[in-house]
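Structure first, commentary second.
All figures in this text were calculated on a predicted structure; none of them were measured in a lab. A note on names: the letters A, B, ... follow the listed sequences, proteins ahead of strands, and every chain is numbered from 1.
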Protein chains: 2
Amino acid sequence: MPGLKEIAQVAGVSIRTVKRALSQTGPVSEETGRRVRAAARRLEYRPNLAARSLKTGASSEIVVLMHSTDELHMDKLLGIESVLRAAGFSVLVLFALSETEESHVAEAMLTRRPAGAILFPAPSNRLQSMLSLILKQKLPYVVLDTRLEGVNAVRIDRAQGVEEAVRHLAAQGRRHIAYVGPIADRSRLAGYERALAAFGMPSIVAETPAGSSGANEIENAVRHLMRATPSPDAMQAYSDTLAMTLLRTLHALGARIPDEVAVVGFDNRAFASLAHPPLTTVAQPGRDIGEAAGTLLLRQIAGEKPPAQGWTVTLSTRLIARESA
Amino acid sequence: MPGLKEIAQVAGVSIRTVKRALSQTGPVSEETGRRVRAAARRLEYRPNLAARSLKTGASSEIVVLMHSTDELHMDKLLGIESVLRAAGFSVLVLFALSETEESHVAEAMLTRRPAGAILFPAPSNRLQSMLSLILKQKLPYVVLDTRLEGVNAVRIDRAQGVEEAVRHLAAQGRRHIAYVGPIADRSRLAGYERALAAFGMPSIVAETPAGSSGANEIENAVRHLMRATPSPDAMQAYSDTLAMTLLRTLHALGARIPDEVAVVGFDNRAFASLAHPPLTTVAQPGRDIGEAAGTLLLRQIAGEKPPAQGWTVTLSTRLIARESA
DNA sequence: TTGTAGGCGTTATCAA
DNA sequence: TTGATAACGCCTACAA
């Protein structure tokens, strides 16, 4: 691998001149510049990042901490990578699936001396311990889609997308719109309630257990809902996953979808378009989230100081209308 | 950030001695060793990887080239990361979704001077151009799950998993087992045919267009199949995605699943367990694939020479029995 | 407009 | 058992 020295020899000038010519960091004569650049090109010169980093004390690596293999994270990762690569940074991925791994991953992160870190969603306690490390190092960072307050974060407005969805249902003339899902998490529920309030419609909430288990409870909830008079003519589900169970139960009850009952999911997962009927749902802007996180991080690296209460970018979610509503 | 120098000062010895004590690379007296290690711990010393890399000329970074955001890739990435991190390497992710990006990504890869590269599935021509670069650099590499021959690769035996699935169907007494999918790709079809041959059963193949489009064609194929006498009592689908359409069409025809017709998918995607009924399918060992790739790469980095025709590890796929078969 | 020289932190050679 | 010293490639203060 050729370095500045070799280029200098070939071009018959000093290292300093090569540097000036290649990084336009000082005056170089027309002719010399051409010769140097030609030599660099011919030798396929690429700067040695390790040497640069050693000299400048600055890292060109960003650590991304992932805590799950959720398919939705792929797009976020893509967004992060595209923004950071364009800015000359490398994206270094670390997985910490379990609490036990967290300390190894923390150690790995610190050893890499990154220029910044991006944290994917994780249980608060694990996020907290990583964050305290990061803050101690005064490392630029961004947390993705977290409930933690007072931190730099890219968040998404779930309520807004759900409100949009419920308005969409109302615009179809639906008047008995139910919400099915856990109610401890009000992120979607709030949007549902806002939309109903705007139309002066009563809320019909069927609580189901949190977590992905409990298909039976969901089924019972739906059956219960459908026995009411009048029965709901639309259902907003907490997630696409939950919506799948909804669809199945409604089919079993003989309800025609969307004619008799509309169903809306949340997440726009890969299978949403494969559901029967194809599921109308609210999508998170995965790639945008990643790009926003990358941008926010770059601004910190460039020296901008986040406010004390943390720097937040909130992105909107959007309705994907398919056939189920 | 403290370096060896600072530790040396604190411990009252020379840099060389610190180095010996910390990396057991030479004789150090009991007492000196203790003092040095204590100082290192107290100062939270971490080696400067940039300096090390500059000095040794060796990189501790592995580049992972991704060409899609397929959810199934997450587990592979996880496997790669876990093996490589354990060996002290960093995993650097680069995305090249389009052909246009490929050259930028190639340039980014070369600039990073990685110790090796892992290539995710991509169209052959794009893989080829990356590979020619990599070979020119004599970089250790592994390609994941590729049809390319003569390269270092981790492959999966799709036929074997499908054969297992079809045997499973036969063991249930099914005697008219159909295969639905594109036939240009024989990777699954071969397993289907092997199993049928073993049981002396006739093959019933319904060809559908390649790619994820063409729900109509699939529907027609299924309807056509079900009109035959006798009609199939089981169907092996090319993919989970295709299986979803199968399920829907069979439901529409009033067929009871799995009583009248069993359905088996391929891939074990996230939605397989959410299908109605939960989809029996053949799973790729995502994490194992990643781990195998990491291991294969590490062996090359350690100096083992792959044979001229390439080094291949083939992993088996496995049947995940759920309720659809 | 061009060149000299020193240092970043690590590794490793050589001498004591 | 220990230490002085050079070198990796890049960046830059300072001279010419």
Side-chain angles (χ1 to χ4, degrees), chain A residues 1-41 43-61 88-90 110-115 137, chain B residues 1-41 43-61 88-90 110-115 137:
Chain A
M1 279 280 155
L4 294 179
K5 180 149 71 170
E6 190 168 338
I7 297 175
Q9 283 169 353
V10 170
V13 294
S14 74
I15 292 183
R16 186 67 184 86
T17 300
V18 173
K19 173 66 180 159
R20 267 193 296 261
L22 294 184
S23 58
Q24 355 237 9
T25 182
V28 177
S29 80
E30 184 81 4
E31 153 64 10
T32 311
R34 233 196 330 269
R35 219 171 53 240
V36 169
R37 279 189 296 273
R41 209 168 331 106
L43 295 174
E44 296 186 24
Y45 169 73
R46 281 177 244 275
N48 182 324
L49 299 184
R52 174 180 292 173
S53 165
L54 174 59
K55 174 61 191 175
T56 63
S59 164
S60 65
E61 301 188 335
F89 287 87
S90 297
L110 262 26
T111 304
R112 267 67 173 181
R113 309 195 186 195
Q137 310 278 329
Chain B
M1 278 281 156
L4 294 178
K5 180 149 70 172
E6 189 168 340
I7 297 175
Q9 281 169 353
V10 170
V13 295
S14 75
I15 292 183
R16 187 66 184 86
T17 301
V18 173
K19 171 69 180 159
R20 266 192 297 260
L22 294 184
S23 59
Q24 355 237 9
T25 182
V28 178
S29 80
E30 185 82 5
E31 153 64 9
T32 311
R34 236 197 328 270
R35 218 169 56 239
V36 168
R37 279 188 297 273
R41 209 170 328 108
L43 295 174
E44 296 186 25
Y45 169 73
R46 281 178 244 276
N48 183 324
L49 299 184
R52 174 179 295 173
S53 167
L54 173 58
K55 176 61 191 173
T56 63
S59 164
S60 65
E61 301 188 335
F89 286 87
S90 297
L110 262 26
T111 304
R112 267 68 175 181
R113 310 196 186 193
Q137 310 279 328

Establish, with yes or no, whether the OP1 or OP2 oxygen of C/dT2 is under 4.0 angstrom from a side-chain nitrogen or oxygen of A/R16. no

Can you find a side chain N or O atom of A/T17 that sits less than 4.0 Å from OP1 or OP2 on C/dT2? no

When you measure from the side chain of [X], which nucleotide among [options] comes out closest?
{"X": "A/V28", "options": "D/dT1, C/dT2, C/dT11", "answer": "C/dT2"}
{"X": "A/R52", "options": "D/dG3, C/dT10, D/dC10", "answer": "D/dC10"}
{"X": "A/K55", "options": "C/dC8, D/dT2, C/dT10", "answer": "C/dC8"}
{"X": "B/P47", "options": "C/dT10, D/dT2, D/dC11", "answer": "C/dT10"}
{"X": "B/S29", "options": "C/dT10, D/dT1, D/dC10", "answer": "D/dT1"}
{"X": "B/L54", "options": "D/dT2, D/dG9, C/dT11", "answer": "D/dG9"}
{"X": "B/K19", "options": "C/dT11, D/dC11, C/dT2", "answer": "C/dT11"}

Quick check against the 3.5 Å criterion: does B/S53 have a side-chain atom that pairs as donor or acceptor with the backbone of B/L49? no

Any sub-3.5 Å donor-acceptor pair from B/R35's side-chain atoms to B/A11's backbone N or O? yes

From [atom1] of [X] over to [atom2] of [N], roughly how many Å is that when rounded to an integer?
{"X": "A/K5", "N": "C/dG3", "atom1": "NZ", "atom2": "P", "value": "16 Å"}
{"X": "B/E6", "N": "C/dG9", "atom1": "CD", "atom2": "C1'", "value": "12 Å"}
{"X": "A/R46", "N": "D/dG9", "atom1": "CZ", "atom2": "C1'", "value": "16 Å"}
{"X": "A/Q9", "N": "D/dG9", "atom1": "CD", "atom2": "C1'", "value": "13 Å"}
{"X": "B/I15", "N": "C/dT13", "atom1": "CD1", "atom2": "C1'", "value": "15 Å"}

When B/P2 and B/R20 are each assigned the nearest nucleotide of DNA chain C, the 5'-most assignment goes to B/P2

Heavy atoms under 4.0 Å, any strand shown: does B/T32 hit a base, just sugar-phosphate, or nothing? sugar-phosphate

